[in-house]
Amino acid sequence: MSTYKSEFLNMLANRGYIHQCSDAAGLDALAVKGDVTAYIGFDCTAKSLHVGSLVQIMLLHWAQAHGQKTIALMGGGTTRVGDPSGRDESRKLLTLEDIEDNKGGIQEVFKKFLRFGDGPKDTIMVDNAEWLVKLNYLEMLREVGRHFSVNRMLAMDAVKLRLEREHELSFIEFNYMVLQAYDFAELAKRYGCNLQMGGSDQWGNIVNGIDLGRRMGTHQLYALTTPLITLASGAKMGKTTSGAVWLNSDMRSPYDYWQFWRNTEDADMGRFLKLFTTLPMAEISRLEALGGSEINDAKKALANEATAMLHGRKAAEEAAETARKTFEEGASAAGLPTLDLDLTVGIGILQAAVLAGFATSNGEARRSIQGGGIRVNDVVVSDDKMQLTAENLGRDGVIKISMGKKKHVLIRPS
């Protein structure tokens with residue numbers, strides 16, 4: 001158990017959120033008094049965040065729950081540049097319209113985890129385009145750029161790794177760390193912000209912000225990062241064969257989201273209960289102690305709680321009931337994900353498998369069929385040239401296609 005004086009840092013440590021902290025004693029003293037104002041930045045690179053961003057969202061949730069002030073920073077400005085951290089190639093530059101559209105989709109997720117308002121401890125959402133777009137280039141060079149050492153910037157992991165692999169790093173990307181550091185100093189000046197949180201790959205950028213703040217005369221700033229979340233198998237968190245696990249319901253249904261958590265590997269279950277739910281630690285310890293087939297009860301608890309936080313308790317209960325009917329009763333279960341397709345001329349099973357997210361290509365779908373992995377109405381498919389037509393509709397007016405025991409999609413005639 002940790003020995004921090006503040007409940008906030010004790011909770012973060014006990015649940016496994018803390019990887020590095022720039023000055024744990026100083027930050028702990030602020031947290032005891034409820035004087036932390038913490039922010040995390042989120043660039044608007046897609047219409048939704050995915051589950052890989054969930055640790056950061058939970059950090060803001062827990063900070064607010066423990067009486068600290070929180071800021072969700074939208075990267076309307078920095079998205080125009082692109083963060084090179086952890087990448088071997090440049091991000092695609094988006095149009096201003098795309099960035100605004102993406103920002104709107106991302107904002108919907110935060111409302112599920114954070115309390116926004118005008119109260120002293122309510123979360124505020126700001127966009128760094130508010131100050132970055134207005135910057136005069138010469139003024140930026142004189143007032144901010146002079147505080148940065150190119151030698152030090154070249155030694156930063158995001159830059160060094162790209163150069164070591166002889167991958168091109170554009171000048172616009174090279175400036176990203178300057179803009180992120182400036183964000184920290186600007187938030188300190190405008191809102192009294194004193195803590196930036198983020199993933200471990202952001203440590204260098206955050207420390208740059210602390211140093212810039214000191215040079216520009218702000219109050220003391222702090223950094224706190226979380227460990228890189230990988231699965232016990234070594235795979236990256238939030239990536240599946242069918243793509244990223246998006247948080248917006250129009251990009252991944254509550255049922256599919258529930259199934260993602262239900263399919264957690266045994267070795268990850270306890271860690272994920274601590275990181276991605278608000279269940280009390282005593283209850284998590286009880287669930288961690290379950291063995292044998294009872295471990296499935298712990299995985300269901302993880303799926304129920306994680307889904308309830310994002311989509312609401314009712315959606316989580318409906319997803320759990322759909323799964324129960326499908327796997328325990330063998331029913332089609334109307335709550336499964338659906339595809340509306342034209343069955344008058346028929347659709348090939350390979351194409352249907354790709355549309356259902358079971359495979360990323362016809363070749364991958366064909367290999368699954370050859371391995372006996374795809375079923376139609378619970379019958380194993382042996383012919384990869386099979387056509388699905390209205391004749392395949394069951395009594396409930398749908399075709400159920402399945403891969404393995406846990407992936408099911410209903411096809412309805414359009």
List the steps, then state whether salt bridge (Lys or Arg N to Asp or Glu O under 4.0 Å) holds for R324 with E321.
CA-CA 5 Å; R324 187 190 68 79; E321 179 62 10; 2.7 Å; yes
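- The side chain to side chain contact (heavy atoms under 4.5 Å, CB included) check on S253 picks up Y255, D256, P337, with sequence neighbours excluded.
- Without hydrogens or angle criteria, Q220 side chain to N194 main chain gives no donor-acceptor distance under 3.5 Å.
- For K111, the salt bridge (charged side-chain N to carboxylate O under 4.0 Å, His left out) test picks out E108, with sequence neighbours left out.
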Could you walk me through whether Y39 and Y191 pass the ring pair (Phe, Tyr, Trp, His ring centres under 6.0 Å) test, one step at a time?
CA-CA 10 Å; Y39 98 91; Y191 303 103; over 10 Å; no
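- Within a 6.0 Å sphere centred on CD of E7, heavy atoms belonging to other residues, nucleotides or ligands number 12 at most.
- In this structure, the side chains of E265 and L231 come closer than 4.5 Å at one or more pairs of heavy atoms.
- Screening residues 348-357 for side chain to side chain donor-acceptor pair (under 3.5 Å) gives no qualifying pairs among residues at least two apart or on separate chains.
- Considering every non-hydrogen atom in both W246 and S48, the closest pair reads CZ3-O, 3.0 Å.
- Listed by first then second residue, pairs satisfying salt bridge (charged side-chain N to carboxylate O under 4.0 Å, His left out) with a partner in residues 45-58 read K47-D101, not counting sequence neighbours.
- At least one donor-acceptor pair under 3.5 Å links the side chain of N10 to the backbone N or O of Y4.
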Can T123 and Q64 be said to form a side chain to side chain donor-acceptor pair (under 3.5 Å), step by step?
CA-CA 8 Å; T123 301; Q64 184 173 60; 3.0 Å; yes
E317 vs K314, salt bridge (Lys or Arg N to Asp or Glu O under 4.0 Å): CA-CA, chis, key distance, verdict:
CA-CA 5 Å; E317 292 172 351; K314 181 179 178 182; over 6 Å; no
Working for side chain to side chain donor-acceptor pair (under 3.5 Å), residues Q20 and S200:
CA-CA 8 Å; Q20 290 173 291; S200 57; over 6 Å; no
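- Looking at D43 and T45, their side chains never bring a donor and an acceptor atom within 3.5 Å of each other.
- Here H311 pairs with Y257 under the ring-ring contact (aromatic ring centres under 6.0 Å, His included) rule; sequence neighbours left out.
- Residues L60 and T70 share a closest heavy-atom pair of O-CG2, 3.6 Å.
- With rounding to the nearest 0.5 Å, the separation of OG1 in T389 from CG in L341 is 12.5 Å.
- For the residue pair A46 and I106, the shortest heavy atom distance occurs at O-CD1, 3.6 Å.
- A donor-acceptor pair under 3.5 Å is formed between the side chain of T79 and the backbone N or O of C44.
- For the pair F8 and V32, the minimum side-chain heavy-atom distance is 4.5 Å or more.
- Annotation for A308 and A316: closest pair N-CB, 3.7 Å, computed over non-hydrogen atoms.
- The CG atom of L73 lies 11.0 Å from the CD atom of E186; values are rounded to the nearest 0.5 Å.
- Using modelled atom types, one finds no donor on one side chain facing an acceptor on the other under 3.5 Å when comparing Q196 with Q202.
- For K385 (side chain) and L350 (main-chain N/O), no donor-acceptor pair under 3.5 Å exists by modelled atom type.
- Listed by first and then second residue, the salt bridge (charged side-chain N to carboxylate O under 4.0 Å, His left out) pairs that reach into residues 122-132 are K103-D127, R115-D122, E130-R190, sequence neighbours excluded.
- Applying the side chain to side chain donor-acceptor pair (under 3.5 Å) rule to pairs touching residues 23-37 yields S6-D28, sequence neighbours excluded.
- The structure places CG of L339 at 6.0 Å from CD1 of I411, a figure rounded to the nearest 0.5 Å.
- T322 contributes a side-chain N or O that, together with a main-chain N or O of E318, makes up a donor-acceptor pair within less than 3.5 Å.
- Across all non-hydrogen atoms, the minimal contact from L273 to R15 is O-NH1, 3.8 Å.
- Counting only distance, with no hydrogens or angles, the side chain of K299 and the backbone of T264 share a donor-acceptor pair below 3.5 Å.
- At a threshold of 4.5 Å between non-hydrogen side-chain atoms, the residues I206 and Q180 count as touching.
- Side-chain atoms of S402 and H408 form a donor-acceptor pair, as typed in the model, at a separation below 3.5 Å.
- Looking only at side-chain heavy atoms (C-beta outward), L12 and L224 come within less than 4.5 Å of each other.
- Within the model, atoms CD1 of I124 and CZ of F116 stand 9.5 Å from one another, a figure rounded to the nearest 0.5 Å.
- With R252 contributing its side chain and N248 its backbone, the two residues share no donor-acceptor pair below 3.5 Å.
- Here the closest heavy-atom approach between residue G346 and residue Q387 is recorded as C-OE1, 3.7 Å.
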Donor-acceptor pairs are to be reported for all side-chain atoms of residues 291-298 against protein atoms at under 3.5 Å, with residues two or more places apart or in another chain.
| residue | atom | partner | partner atom | Å |
| --- | --- | --- | --- | --- |
| N296 | OD1 | R262 | NH2 | 3.4 |
| N296 | ND2 | S293 | O | 3.4 |

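- Using a 4.5 Å heavy-atom cutoff, the side chains of K274 and M281 are in contact.
- For the pair L279 and L287, the minimum side-chain heavy-atom distance is below 4.5 Å.
- Using a 4.5 Å cut-off on side-chain heavy atoms (C-beta onward), S382 and I369 make no contact.
- Screening residues 275-299 for ring pair (Phe, Tyr, Trp, His ring centres under 6.0 Å) gives W261-F276, F272-F276 as the qualifying pairs, with residues at least two apart or on separate chains.
- Ion pairing of R286 with E283 is present here, as a side-chain N (NZ or NE/NH1/NH2) and a carboxylate O approach within less than 4.0 Å.
- With sequence neighbours left out, D383 forms a side chain to side chain donor-acceptor pair (under 3.5 Å) with no residue at all.
- Contacts of F110 classified as ring-ring contact (aromatic ring centres under 6.0 Å, His included), with partners at least two apart in sequence or in another chain: F42.
- One distance of note links CG of D384 with CZ of R366; it measures 5.0 Å at 0.5 Å rounding.
- In terms of modelled atom types and a separation under 3.5 Å, the side chain of N377 and the main chain of K400 share a donor-acceptor contact.
- For the pair M386 and V376, the minimum side-chain heavy-atom distance is below 4.5 Å.
- At distances below 3.5 Å, at least one donor-acceptor pair connects side-chain atoms of Q68 with backbone N or O atoms of H66.
- Atom SG in C193 sits 5.0 Å away from atom CZ in F184 (nearest 0.5 Å).
- A distance-only check finds a donor-acceptor pair linking the side chain of N304 to the backbone of K300 [under 3.5 Å].
- In this structure L132 satisfies the side chain to side chain contact (heavy atoms under 4.5 Å, CB included) test together with T78, N128, L135, L179, Y182, D183, sequence neighbours excluded.
- The environment of NZ in K5 is sparse: at most 12 heavy-atom neighbours from other residues, nucleotides or ligands sit within 6.0 Å.
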